[in-house]
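Worth saying up front: this structure is predicted, and the values here are computed from it rather than measured.
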Amino acid sequence: MAAAVCFLAAFGFFLAGASPTVSFEDTGELLLSAGVLGVTHPPGYPWLTMVMRLFMALPFGDPAFRVNAMSAAAGAGAVTAAFAAGRRLSGPGAGPIAAVALAASKTLWWQAGIADKYTWSILLMLLTLLALVRAWRDRAPGALFAAAFLGGLALSHHLHGLYLVPVVVAAAWVIPTGPRARRIAMCLVLSALPLMAKAVAIPIRSAVDPAMNWGLPDRAGRLAYYLAARQYRFIMGSNKGPGDIAARIVRHATVLPLTEFGPAIGLAAPGLLALRAAGPGLLPGAGLVFATNLFFGVYYNTPEIERYYLLSYALLAILIGLGASRVFAASPVFGIAASLLLAVPLVINGRTSPRDRHYLAWDFAVNQMASLPARAMLICEGDDQAFPMFYAQGVMGLRPDVTLFPMPFACWEPAYRRLPRTLTGFKWPPFVEDPGKHLPRIMVANADRPAFYTPGCTGEGSAEHLVPFGTVFAAFVDPGAAARARGRSIRFPALRLRGAADAGRYGDAVTVRAARNYSTALAYHGAEAIEQGRPEEAVRFLREALRVPGPIGTRAAAFTHLGMSCTMLRRFGDAEAALREGLKLKPDFGPAAFELARLLMVLRREPAEIRELILIAARHPEFLSAPERRDLARVLRPRR
């Protein structure tokens, strides 16, 4: 009964913070794969795809929110497992504290609100450890075999399961539940079953060629490459020498846990003593899991590393529960006071983890596709831009006339050979490995279809042929056509910017990168409109760009161009305010200083300030255009 109450409370907690629609990361791709029962990115998630498909059939919300509810349920299951572990190891008092600590942790709270795979990883891994604890304490062979199967299922779901391999192997070796050779053989067979089933299911489904068929793992060579996730080898082991490895170890072992739990992490110290007292072998087992997780996290050098430490965070939450229970047994007053430390991560993480207003990914997808003409090609690269559009088009049916060209699909020969089967009505020139040559050849062969790029995706050497077009870039093979397009005003629908203004508060690298692309595309459009003498259009796009958090340099440039636009419209007060904001962000930004100096000359302001601004611009001519440098030289030329 207590476990059921814990599950329902955690499920309600996570569901209240769940994203209302698609999010960034892999969610758009996973949702499309669920909709078509496709093959996801390596190393493949066939079981998750089927469960997501079941949740998509629920009769409430949009399809993404239904699957977000699945993640909330899996997160609640993980919290309940931490609750059960705390109760089993240290009595009823430790369970609720462990559950609250894990539910309040930044990463689980965030992941339990989006349609991704990590909550299922932590649930399966915690169930494996619970079974191992029971096998260790009760000498129960059934629990040991259940742990072996669950560990294999966790590994078949995600490479996170590697963290469990050493501790499952050690348990199978030392737990006396019958002849050692037989129990080890039994554990190996049970662990291998889910892995073998996955290795059979993926090529069968790939051979059917669903709409999402990542990596085409229908042949032995490609399947082995796919299952080993070899496409990510550039991340693995990419540390920069011993100093970098040492710095990452220190950061991962100290900063990351503090970010998750705040000062409550101090309760893990008495928790280690409680774990040691709970039974021999438990402390070394936990240490083995921590060490394996740390090794993998340092070896897998990705910016979004927090998700790969969910098992360690769960163990720390259990230790916090055990520590609070031990302190309470020694002094109830101190125990209650120590438990109140959990209010800190609840408050701090509550500002960043819930995604209940996270419309940014959906609106970004809509904005990128909204103004495209009929039958357009949109070439995209970067999960944060392509995947939400996968969902918007493939699941929600938005703009079916637009053809999405993810660069990895168009620029990898096996996937390119598949395109004629999946995209009809196109001409397909012979494959060329260089994207800077290959993509223009596709455009030339299909010249009747207008081509566009998403922000940050240019195809090598094609940047000079791109023209800002709302939140995307029109692509031209012919420089003359690009020049003519720059002179045309673009009728662009009203932008959807829900959640964009506070996108920076989430702090995860994917959302930050998407917001940066968003603001940069809009700022480019505003700058282009100024050059073509369309200040009203420039003001509109620059104001929108400044609503989205972006890099300081981009924002300083946007404020500068906004000031220039307002000057052209003779809105001198607005122009001065914008230029001063640009200098406040980047005091050495030459264009802002130069434009403000020119404006203050027109307004006949204080000569000393004007001279100081001119000197700032002169010290940083690298920021100025050639005409601005000539104007600056003319101003600074000594009078005779």
Working for side chain to side chain donor-acceptor pair (under 3.5 Å), residues S19 and S23: CA-CA 7 Å; S19 172; S23 295; 3.3 Å; yes
Side chain to side chain contact (heavy atoms under 4.5 Å, CB included) evaluation trace for H252 with I305: CA-CA 9 Å; H252 291 192; I305 197 62; 4.0 Å; yes
Ring center gap for F469 and F452 short of 6.0 angstrom: yes
Pairwise salt bridge (Lys or Arg N to Asp or Glu O under 4.0 Å) hits with a residue in residues 257-269, at least two apart: none
Aromatic contact, F13 with W109 (centres under 6.0 Å): yes
Where V467 and A482 come nearest, the two heavy atoms and their spacing: CG2-O, 3.5 Å
Atom OH of Y313 with >12 non-hydrogen neighbours under 6.0 angstrom: yes
With F261 via ring-ring contact (aromatic ring centres under 6.0 Å, His included) - residues at least two apart: none
Contacts of type ring-ring contact (aromatic ring centres under 6.0 Å, His included), residue H525, not counting sequence neighbours: F541
Between F296 and Y299, ring centroids under 6.0 Å: no
Nearest non-hydrogen partners of M568 and I530, listed with the distance: SD-CG2, 4.1 Å
Centroid-centroid distance, Y453 to F473, less than 6.0 Å: no
Set of residues satisfying salt bridge (charged side-chain N to carboxylate O under 4.0 Å, His left out) with respect to R534, sequence neighbours excluded: E537
E581 with R555: basic N within carboxylate O range, under 4.0 Å: no
S312-N293 side chain donor-acceptor pair, cut-off 3.5 Å: yes
Salt bridge R486-E528, side-chain N to carboxylate O under 4.0 Å: yes
Qualifying residues under salt bridge (charged side-chain N to carboxylate O under 4.0 Å, His left out), relative to R580, sequence neighbours excluded: E576, E609
More than 12 heavy atoms of other groups within 6.0 Å of R357 CZ: no
Ion pair check, R498 and D363, cut-off under 4.0 Å: yes
I320 and L341: CA distance, side-chain angles, deciding distance, side chain to side chain contact (heavy atoms under 4.5 Å, CB included) verdict: CA-CA 10 Å; I320 288 171; L341 291 174; over 6 Å; no
E29 and H41 side chains, donor-acceptor separation under 3.5 Å: yes
Option from R513, R307, R355, K117 for which salt bridge (Lys or Arg N to Asp or Glu O under 4.0 Å) with E25 holds: R307
Heavy-atom closest contact (A485 atom, F476 atom, distance): CB-CZ, 3.4 Å
Y308-Y300 aromatic ring centre distance below 6.0 Å: yes
Side chain to side chain contact (heavy atoms under 4.5 Å, CB included) between T403 and L378, intermediate numbers included: CA-CA 6 Å; T403 301; L378 182 58; over 6 Å; no
Pairs satisfying salt bridge (Lys or Arg N to Asp or Glu O under 4.0 Å), at least one member in residues 559-572, at least two apart: E536-R571
